[in-house]
Amino acid sequence: VKMTRCSDAECTDGATSIVVDASFQAGLFNSLALDSADRARLSYYNAAQGSLQLVLCPDVACASPTTVAVDNNGDVGRFSSLQLNSDDIVLIAYQDTSNSDVK
């Protein structure tokens, strides 16, 4: 999984990319939102692990992101949809393939 931040609105003045997860089959079904301080929050499905992952950027540059396994009980995390509430709390809807359900 790679995240890229453009230097300007049109992304013509360069961009900075960081790898947040280099594991095999990571990054499928991703969803991105920015909190009130413009820090990125990214959810994605890691197919190799069958898990829902969440990347938390500590600042706008996202130089040292933290990745958390939100759910790894069975095959979960496909079709993730991430939103933040007014308090910047992450809310994620996603598919639980193991139980044929949506969480």
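The first residue of the sequence shown is numbered 1, and numbering continues consecutively from there. Keep in mind it's a predicted model, so treat the numbers as computed, not measured.
- Under the salt bridge (Lys or Arg N to Asp or Glu O under 4.0 Å) criterion, the residue pairs touching residues 58-82 are D71-K103, D75-R78, with sequence neighbours excluded.
- Sorted by first and then second residue, the salt bridge (Lys or Arg N to Asp or Glu O under 4.0 Å) pairs involving residues 16-30 (not counting sequence neighbours) form an empty list.
- Legend: residues meeting side chain to side chain donor-acceptor pair (under 3.5 Å) with T67, ordered by chain and number and at least two apart, are absent.
- With sequence neighbours excluded, the residues satisfying side chain to side chain donor-acceptor pair (under 3.5 Å) with N99 are D96.
- The side-chain hydrogen bond (donor to acceptor under 3.5 Å, both in side chains) analysis of residues 81-93, with sequence neighbours excluded, yields the pairs S36-D88.
- When all heavy atoms are compared, the tightest approach of Q49 to N46 is N-OD1, 3.1 Å.
- V19 forms part of no hydrophobic cluster, judged by ILVMFWY side-chain heavy-atom separations under 4.5 Å.
- In the hydrophobic cluster analysis, where Ile, Leu, Val, Met, Phe, Trp and Tyr join through side-chain heavy atoms closer than 4.5 angstrom, Y45 is grouped apart from I92.
- Hydrophobic cluster membership is shared by V68 and V90, with clusters built from Ile, Leu, Val, Met, Phe, Trp and Tyr side chains linked at under 4.5 angstrom.
- Taken to the nearest 0.5 Å, the CG atom of L34 stands 9.5 Å off from the CZ atom of R41.
- The hydrophobic side chain of V60 is isolated, with no ILVMFWY side chain under 4.5 Å apart from it.
- Using a 4.5 Å cut-off between side-chain heavy atoms of Ile, Leu, Val, Met, Phe, Trp and Tyr, I18 falls into a hydrophobic cluster with V1, M3, V20, L32, L42, Y44, V55.
- Applying the ring-ring contact (aromatic ring centres under 6.0 Å, His included) test to residues at least two apart or on different chains, none of the pairs has a partner in residues 48-67.
- Pairs passing the ring-ring contact (aromatic ring centres under 6.0 Å, His included) check and including a residue from residues 49-101, sequence neighbours excluded, read F29-F79.
- Screening residues 1-11 for salt bridge (Lys or Arg N to Asp or Glu O under 4.0 Å) gives no qualifying pairs among residues at least two apart or on separate chains.
- No side-chain donor-acceptor contact under 3.5 Å links S23 and Q25.
- A donor-acceptor pair under 3.5 Å is absent between the side-chain atoms of S51 and the main chain of N72, judged by distance alone.
- Listed by first then second residue, pairs satisfying disulfide (SG to SG under 2.5 Å) with a partner in residues 30-67 read C57-C62, not counting sequence neighbours.
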